[in-house]
Amino acid sequence: MEQPLNLAATLESGQVFRWNRKGEKWYGMISNHLVSLESNGNGLEFETTLKPAQDMEGLISKYFRLDDNLPMIQSSLDWDPRLAQAMNTQRGLRLIRQDPWECLISFICSSNSNISRISGVMNRIAREFGNQVMLGSCVGFQFPNPTQMASVGEAGYRALRLGYRAAYVDKTSKILAETGRDLEELKSLPYLEAKAWLMALPGVGAKVADCVLLFSLDQLQAFPIDVWVRRAIEEWYISGEHRSYVKLSEWAVEYFGPFAGYAQQYLFHHRRTGDFSGGVNT
DNA sequence: CCACGGCCTGATTC
DNA sequence: AGAATCAGGCCGT
């Protein structure tokens, strides 16, 4: 593998919420197969429930977007000093191409919450309603599909401590189960059309939609703006000025270009880890 | 079009 | 200790 990949930075960057680290190995689900991953020099070792195991190589490559030419993408962004610094301190941090359904539920659950709590919620949903799979002595759970999730009901999700998001998850599951819409189809739509479709779902606003588009639907211009990214942009780029979400996302694509989503991920991580000098770290 | 308050939960701060 | 505050927002007014 020639493409840079930092497992820890990538899997802990708040794009995905169900990977577990045990020693040097990371355990998680890719395309409903349990996988363990371990960095090995510039390569990656893995074990998987998938047979034949070598088929997992392509799935891993797809999952970590190794088909994106990261050096090329970075060189299209490093004219910006902040971004150059962010990319330098976050080497090998990549966007992930994850399952859109699980991604959608993750980010519906992310509202007014935090990473550790989102992880708890997502693990409980999978453990309660997903199929169990084993890799050696390790247990994993597939994320339940829309039909499985549609039968749970709001009270069931409340019991898993989703709070007010329970109703959103319940309704969105039922819509997806009843319409049978395959979220993968949104990959072929123009960004704004795909976004509008997602935003029609309960619990999905502009920010959640952008996360789903960027982390699972190949819309690399999507620029999710959370409090961290907003702080970074307002402080570093537009001198404290406040702008609406739509104005900021338009600004982002104009400023950073078609890979604005990568810019967002580096800025987010950079800002959130406080790994910069001279700025206010709250 | 924009601003505002309420909302579940849980960790941390005051 | 118990009350605020904040956390990767959304929705209705």
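Each chain gets a letter, A, B and so on, in the order the sequences are listed, and its residues count up from 1. As the structure is a computational prediction, the values presented were derived from the model and not from experiment.
Within the 4.0 Å cut-off from OP1 or OP2 of C/dA7, at least one side-chain nitrogen or oxygen of A/R231 is found. Taking 4.0 angstrom as the limit, A/R117 places none of its side-chain polar atoms (N or O) nearer than this to OP1 or OP2 of C/dA7.
A/D226 has its CG atom 11 Å from the P atom of C/dC10, to the nearest Å. Per the geometry, OH belonging to A/Y164 stands 13 Å off C1' belonging to B/dG5, to the nearest Å. Straight-line distance from the CH2 atom of A/W228 to the P atom of C/dA7: 7 Å, rounded to whole Å. Computed from coordinates, the A/I118 CD1 to B/dA11 C1' distance equals 14 Å when rounded to whole Å. Nucleotide B/dT13 holds its C1' atom 15 Å from the CG atom of A/N114, rounded to whole Å. Distance A/L104 CG to C/dG8 P: 20 Å, rounded to the nearest Å. Look at CZ on A/R165: it is 6 Å from C1' on B/dC8, rounded to the nearest Å. At whole-Å resolution of the value, CG in A/N112 and P in B/dG5 are 15 Å apart.
The number of heavy-atom neighbours closer than 6.0 Å to NZ of A/K171, taken from other residues, nucleotides and ligands shown, is 12 or below.
In summary, the side chains of A/S31 and A/Y63 do not present any donor paired with an acceptor at a separation below 3.5 Å, with no hydrogens or angles considered.
A heavy-atom distance below 4.5 Å is found between the side chains of A/L214 and A/L220. With contacts defined as side-chain heavy-atom distances shorter than 4.5 Å, the pair A/V212/A/V204 does not qualify. Annotation: side chain of A/D78 is not in contact with side chain of A/L83 (no heavy-atom distance under 4.5 Å). Between A/F46 and A/N40, every side-chain heavy-atom pair lies at or beyond the 4.5 Å cut-off. Annotation: side chain of A/Q3 is in contact with side chain of A/R94 (closest heavy-atom distance under 4.5 Å).
Residue A/I108 is out of contact with every strand shown, counting any heavy-atom pair closer than 4.0 Å. At the heavy-atom level, A/G14 lies under 4.0 Å from base atoms of the strands shown. Within 4.0 Å of A/S13, counting heavy atoms only, lies at least one base atom of the nucleic acid. Contacts of A/P224 with the nucleic acid, taken as non-hydrogen atoms under 4.0 Å apart, are absent. At a threshold of 4.0 angstrom between heavy atoms, the contacts of A/V204 are confined to the sugar-phosphate backbone, with no base atom among them. Among the atoms of the strands shown, only primed sugar atoms or phosphate atoms (P, OP1, OP2) are found under 4.0 Å from some heavy atom of A/L201. Within 4.0 Å of A/A166, counting heavy atoms only, lies no atom of the nucleic acid at all.
When each of C/dG8, B/dC7, C/dC10 is scored by its nearest atom to the side-chain atoms of A/S110, the top-ranked nucleotide is C/dG8. In the set B/dT9, C/dC10, C/dG8, C/dG8 carries the atom at the smallest distance from any side-chain atom of A/F215. For A/V208, taking side-chain heavy atoms from C-beta onward, the closest of the listed nucleotides C/dG8, C/dC10, B/dC7 is C/dC10. Nearest to the side-chain atoms of A/F107 among the listed nucleotides B/dC2, B/dG10, C/dG8 stands C/dG8.
Projected onto DNA chain C by closest heavy-atom contact, A/Q15 and A/M199 fall at different nucleotides, the more 5' of which corresponds to A/Q15. Nearer to the 5' terminus of DNA chain B, by closest-nucleotide assignment, is the contact made by A/R158 (compared with the other of A/R158 and A/S116).
Between the C1' atoms of C/dC10 and B/dA11, the separation comes to 22 Å (whole Å). Nucleotides B/dA3 and C/dG8 have their P atoms positioned 23 Å apart, rounded to a whole Å. B/dT9 sits 25 Å from C/dA1 when the P atoms are compared, rounded to a whole Å. Nucleotides C/dT5 and B/dG5 place their C1' atoms 16 Å apart, quoted to the nearest Å.
Counting distance only, with no hydrogens placed and no angle test, the side-chain atoms of A/Y168 and the base atoms of C/dG9 include no donor-acceptor pair under 3.5 Å. You'll find a donor-acceptor pair under 3.5 Å spanning the side chain of A/K207 and the base of C/dG8, going by distance alone.
Secondary-structure annotation of DNA chain C gives the stems B:3-7 with C:9-13, B:9-14 with C:2-7, with a stem taken as at least 3 successive Watson-Crick or G-U pairs whose two distances both fall under 3.5 Å.
Aromatic ring centres of A/F17 and A/F107: separated by under 6.0 Å.
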Go through A/F256 and A/Y266 one step at a time and tell me if the ring pair (Phe, Tyr, Trp, His ring centres under 6.0 Å) criterion holds. CA-CA 12 Å; A/F256 294 116; A/Y266 288 112; over 10 Å; no

